[in-house]
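What follows is a set of notes on a single structure, which appears directly below.
Residue numbers count from 1 along this sequence.
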Amino acid sequence: VQLQASGGGLVQLGGSLRLSCVASGFASLDYNAIGWFRQAPGKDREKVSCISISSSDARISYADSVKGRFTISRDDARNTAYLQMNSLKPEDTAVYYCAVPAVPSGSTWSVSGIEYWGKGTLVTVSS
């Protein structure tokens with residue numbers, strides 16, 4: 001199982017980026033929650049957003065710090081998750097990691113609850 005994140009880069013205050021995470025090695029990503037964490041220099045890794053298994057009642061969660069600015073989505077046909085990040089701020093600067101939890105529903109969405117991590121993609125927001 002591999003998670004390959006991409007889409008990071010350098011952007012100015014107020015700019016946008018879209019991160020992608022391609023999951024390989026899953027029989028079907030449909031049955032797993034997927035989402036994003038980030039880790040800024042000198043800080044702990046923190047939750048950003050999670051989307052539960054694809055269904056008519058998929059549940060989505062966001063950290064308070066990104067609500068209204070970030071949007072998570074998934075395309076299970078492509079085994080890919082996305083994080084659209086708008087109105088970026090310098091405090092969003094971090095390495096962003098996509099992740100799949102050990103509990104497929106995503107009910108234990110925390111650093112300790114993650115089974116698979118991607119390698120991370122760096123997002124830098126300049127002021």
For the residue pair [X] and [Y], establish whether any side-chain heavy-atom pair is separated by less than 4.5 Å.
| X | Y | result |
| --- | --- | --- |
| N79 | S24 | no |
| V100 | V1 | no |
| F70 | L88 | yes |

List the atom of [X], the atom of [Y], and the distance in Å for their closest heavy-atom pair.
| X | Y | value |
| --- | --- | --- |
| P104 | A102 | CD-O, 3.3 Å |
| T93 | V125 | OG1-N, 2.9 Å |
| T80 | S20 | CG2-CB, 4.4 Å |
| A33 | S52 | CB-CA, 3.9 Å |
| V123 | G8 | CG2-CA, 4.1 Å |
| L19 | Y96 | CD1-CB, 3.6 Å |

Checking the side chain of [X] only, and the main-chain atoms of [Y] only, is there a donor and an acceptor separated by less than 3.5 Å?
| X | Y | value |
| --- | --- | --- |
| R69 | S87 | yes |
| S107 | S105 | no |
| R59 | C50 | no |
| S61 | S49 | no |

Within a radius of less than 6.0 Å around [atom1] of [X], do more than 12 heavy atoms belonging to other residues, nucleotides or ligands occur?
| X | atom1 | result |
| --- | --- | --- |
| E46 | CD | yes |
| E115 | CD | yes |
| Q4 | CD | no |

message: Parallel, tilted or perpendicular: which one describes the rings of Y116 and F26, with boundaries at 30° and 60°?
response: perpendicular

query: F37 vs W109 aromatic rings, parallel, tilted or perpendicular, using cut-offs 30° and 60°?
result: tilted

message: Distance check, rounded to the nearest 0.5 Å: L83 atom CG versus T121 atom OG1?
response: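 That separation rounds to 11.0 Å.
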
field: Interatomic distance, S112 atom OG to R45 atom CZ [nearest 0.5 angstrom]
entry: 12.5 Å

query: Could you walk me through whether K67 and D64 pass the salt bridge (Lys or Arg N to Asp or Glu O under 4.0 Å) check?
result: CA-CA 5 Å; K67 281 180 182 176; D64 288 343; 3.1 Å; yes

When clusters are formed by joining ILVMFWY residues with side-chain heavy atoms under 4.5 Å apart, either directly or through shared neighbours, do [X] and [Y] land in the same one?
| X | Y | result |
| --- | --- | --- |
| Y62 | I51 | yes |
| V111 | I114 | yes |
| V95 | V11 | no |
| L3 | I72 | yes |

- prompt: Only one of Q39, K119, R38 forms a side chain to side chain contact (heavy atoms under 4.5 Å, CB included) with Y97, so which one is it?
  reply: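 When side chain to side chain contact (heavy atoms under 4.5 Å, CB included) is applied between Y97 and each of Q39, K119, R38, only Q39 qualifies.
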
message: Is there a side-chain contact (heavy atoms from CB on, under 4.5 Å) between R74 and I34? Walk through the geometry before answering.
response: CA-CA 8 Å; R74 61 191 293 162; I34 189 168; 4.0 Å; yes

